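First up is the structure itself, then whatever we jot down about it.
Since we're looking at a predicted model, the values are computed, not measured. Order of listing sets the numbers, starting from 1, for every ligand and every atom in it. Hydrogens, waters and symmetry mates play no part in the numbers below; they use all other heavy atoms, side chains included. Numbers for residues simply follow the sequence, beginning at 1.
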Amino acid sequence: MGQYVIEGRNRLCGSVRVHGAKNSALPILAACVAVGRPCVIHNCPDLSDINSTVKILRSLGCDVRRNDGTVFVDSSRISSACITDGLMREQRSSIIFLGSLLSARGEAVMSAPGGCDIGLRPIDIHLMSMKKLGVKISESHGEIRCTAGRLTGGKVVLPFPSVGATENIILASVKSSGVTTIINAAREPEIVDLAMFLNSCGARISGAGESTVVIEGVERLYSSQYAIMPDRIVACTYMAAAAVTGSTVVIDEVIPAHLVPVFSSFEQAGCRIEVSGSKIRISSPERLRAFDRIQTMPYPGFPTDCQAIMMSVACIADGITLINENIFENRFRHVTELRRMGAEIYVQDKTAVVNGVRNLQGTLVHSTDLRAGAALVVAGLCAEGRTTVDRICYIDRGYDSLAENLTALGAVIKRKD
Ligand code: EPZ
């Protein structure tokens with residue numbers, strides 16, 4: 001399972017480069033199946049979720065080769081439209097292959113993805129959307145079997161701007177014979193990255209990043225090279241690391257516009273943020289101040305993936321911070337672990353009330369999910385004494401070289417496998 005052992009209260013300095021976005025790389029790698037020709041994806045992070053996706057690509061018959069951050073995917077000879085239960089369980093977000101397989105093969109067979117640590121993660125919106133587009137779906141014995149000839153387009157109104165469902169609709173309709181319109185689409189930057197990749201392959205997608213997305217189906221897609229955008233959640237994590245250690249750090253190779261939803265929380269806490277091109281410079285005060293209530297919302301609202309990370313910041317901020325988790329029903333699992341470190345947090349339904357303390361105390365804590373694990377690392381950086389974060393396999397899903405990067409900034413953090 002692995003552990004991070006952190007000696008807290010070391011000031012950080014210097015700059016850190018942010019790697020490619022996990023939540024952009026996953027749908028773009030899946031989209032290579034719909035392209036049906038060799039594609040080269042650059043700036044792909046080295047993460048366990050990426051490894052799981054590569055396993056799925058190879059199980060479908062794709063030729064996949066990796067060289068550092070570059071992944072070559074040739075799906076011209078895929079031989080299957082079936083993803084096994086084992087592979088689906090490795091990574092529930094593999095549901096994103098549904099749309100891609102429908103585009104490539106007119107069918108998809110996969111096991112119903114289980115829930116995960118932060119919630120039930122139903123796929124009803126995905127399936128409702130596919131049916132709206134004319135896909136025949138049968139579910140039995142935990143298996144979902146989807147068949148469709150060449151889709152003819154249509155209009156899908158999403159009851160909730162689901163990121164994955166928006167991506168699946170785009171992928172299913174990119175080679176349809178008609179026009180597909182998504183109303184109330186997710187507006188996350190990862191949707192824009194996926195659309196830009198597909199358009200670089202000859203797709204005709206407009207409105208990505210807005211609430212209405214229009215996909216004009218094309219006959220075929222072509223080979224392309226594409227660089228994944230930077231990971232905005234990882235960037236926020238390094239900003240939080242600087243904030244809780246009273247440090248000044250430069251976060252490099254980011255798209256600052258993607259982090260606007262979190263800037264105000266850091267500034268209210270007393271941090272100074274300067275943006276210049278692809279760099280964010282964050283200067284932090286000796287003592288943070290509590291900040292205005294955080295309400296997690298679909299983009300461009302406050303991202304749910306930053307909720308746990310910002311809770312760690314609030315734990316040592318002077319005053320009371322309220323945090324509402326509106327997206328996932330079980331995303332406060334880091335609270336018990338932070339309380340073991342001396343944090344004063346009270347949870348009632350979707351609201352956490354954080355009463356900032358002067359110092360957290362280092363101890364053994366367990367990662368319960370990806371972002372909770374990252375939040376515990378941030379807490380360990382400012383805690384008195386030694387913090388051991390256990391079960392860091394969760395963190396490996398979304399953070400490439402976290403310990404190396406924090407060490408380069410001056411933190412004392414060691415990985416123990
Ligand atoms: C994506 O998950 C991200 N994962 C998540 O990041 C992120 O937290 C989430 O979007 C919200 O921004 C990837 O991109 C791989 P949703 P996704 O569909 O697509 C409910 C991380 O830490 N819902 O927008 O699954 C769902 O239960 C991960 O990197 C349905 O009810 O998110 C949730 O409450 C965690 N039915 C809400 O919508 C559905 O059919 C948001 O889900 C689909 C979703």
Side-chain angles (χ1 to χ4, degrees), residues 19-31 45 47-50 52-53 56 88 90-99 112-132 137 139 144 156 158-171 182 184-194 211 228-229 231-237 258 261-262 295-310 324-334 350 367-375 394-400:
H19 59 67
K22 165 179 83 81
N23 292 346
S24 190
L26 297 178
I28 286 175
L29 288 171
L47 304 169
S48 53
D49 273 8
I50 299 293
S52 305
T53 297
I56 290 177
M88 281 301 288
E90 242 185 75
Q91 182 195 214
R92 61 162 313 284
S93 51
S94 307
I95 187 68
I96 202 60
F97 276 92
L98 174 57
C116 72
D117 322 290
I118 59 176
L120 288 172
R121 310 295 290 274
I123 58 169
D124 54 320
I125 301 174
H126 293 252
L127 300 184
M128 173 278 288
S129 305
M130 293 300 111
K131 286 175 186 163
K132 275 269 196 276
I137 297 176
E139 295 178 72
I144 302 169
V156 182
L158 292 181
F160 178 87
S162 156
V163 173
T166 301
E167 292 167 343
N168 255 332
I169 299 167
I170 291 171
L171 288 165
I182 310 172
N184 194 28
R187 298 175 53 193
E188 273 70 4
E190 291 77 15
I191 304 285
V192 178
D193 220 24
L194 173 63
S211 294
I228 303 287
M229 73 178 202
D231 193 310
R232 58 195 172 100
I233 312 300
V234 169
C236 178
T237 308
H258 291 171
V262 302
Q295 290 262 36
T296 64
M297 301 298 274
Y299 194 90
F302 189 97
T304 174
D305 293 349
C306 293
Q307 178 259 108
I309 294 153
M310 291 310 284
N324 286 119
E325 173 53 58
N326 299 308
I327 305 294
F328 290 105
E329 70 270 25
N330 190 28
R331 208 169 197 177
F332 279 147
R333 299 179 71 204
H334 42 285
K350 298 196 297 185
S367 303
T368 52
D369 57 76
L370 164 55
R371 305 301 173 185
Y394 283 109
I395 304 175
D396 291 342
R397 292 188 46 210
Y399 290 83
D400 184 355

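Numbered from 1 in the order shown, with element, the atoms of ligand 1 that lie under 4.0 Å from a heavy atom of R371 read 21 (C), 22 (O), 29 (O). The distance from ligand 1 to the heavy atoms of F328 drops below 4.0 Å at these ligand atoms: 8 (O), 33 (C), 34 (O). Atoms of ligand 1 lying under 4.0 Å from any heavy atom of G164, numbered from 1 in the order shown and given with element: 18 (O), 19 (O). Within ligand 1, counting atoms from 1 as listed, the ones closer than 4.0 Å to a heavy atom of I118 are 35 (C). Each of the atoms 37 (C), 38 (O), 41 (C) of ligand 1 lies under 4.0 Å from some heavy atom of F160. Ligand 1 places these atoms under 4.0 Å from at least one heavy atom of K22: 21 (C), 29 (O). Heavy-atom proximity to R121, at under 4.0 Å, picks out these atoms of ligand 1: 2 (O), 17 (P), 25 (O), 27 (O). Atoms of ligand 1 lying under 4.0 Å from at least one heavy atom of S93, given by number and element, are 15 (C).
N326 places no side-chain N or O within donor-acceptor distance of the main-chain N or O of M297, the cut-off being under 3.5 Å. With R371 contributing its side chain and I309 its backbone, the two residues share no donor-acceptor pair below 3.5 Å. Remark: side-chain polar atoms of N168 are paired, donor with acceptor, to backbone N or O of I95 under 3.5 angstrom.
When non-hydrogen atoms are compared, ligand 1 lies under 4.0 Å from the side chain of T304 (C-beta onward) but not from its backbone. Within the 4.0 Å heavy-atom criterion, neither part of M297 lies near ligand 1. Contact annotation: for V163 versus ligand 1, heavy atoms closer than 4.0 Å belong to both the backbone and the side chain. Under 4.0 Å from ligand 1, the heavy atoms of D305 that appear belong solely to its side chain.
For atom 20 (C) of ligand 1, no protein heavy-atom neighbour is found at a distance under 4.0 Å.
For atom 39 (C) of ligand 1, the nearest non-hydrogen atom from the set C306, P27, P122 comes from P122.
Heavy-atom separations between R331 and ligand 1 include at least one value shorter than 4.0 Å.
Judged by distance alone, the side chains of T296 and Q307 never bring a donor and an acceptor atom under 3.5 Å apart. No hydrogens or angles considered: a donor-acceptor pair under 3.5 Å links the side chains of S52 and E90.
For the pair L370 and ligand 1, the shortest N or O to N or O distance does not fall below 3.5 Å. Geometrically, ligand 1 and I327 share a nitrogen or oxygen pair separated by less than 3.5 Å.
Distance check, rounded to the nearest 0.5 Å: CG of D231 to OG1 of T237 gives 7.5 Å. Taken from OG in S162 to CD in E167, the straight-line distance is 8.0 Å, to the nearest 0.5 Å.
A search for side-chain contact (heavy atoms from CB on, under 4.5 Å) contacts involving P303 returns R232, I233, P261, V262, C306, not counting sequence neighbours. E139 is linked by a side chain to side chain donor-acceptor pair (under 3.5 Å) to nothing, counting only residues two or more places apart in sequence or in another chain.
The only member of L171, V156, L158 that meets side-chain contact (heavy atoms from CB on, under 4.5 Å) when paired with T166 is L158.
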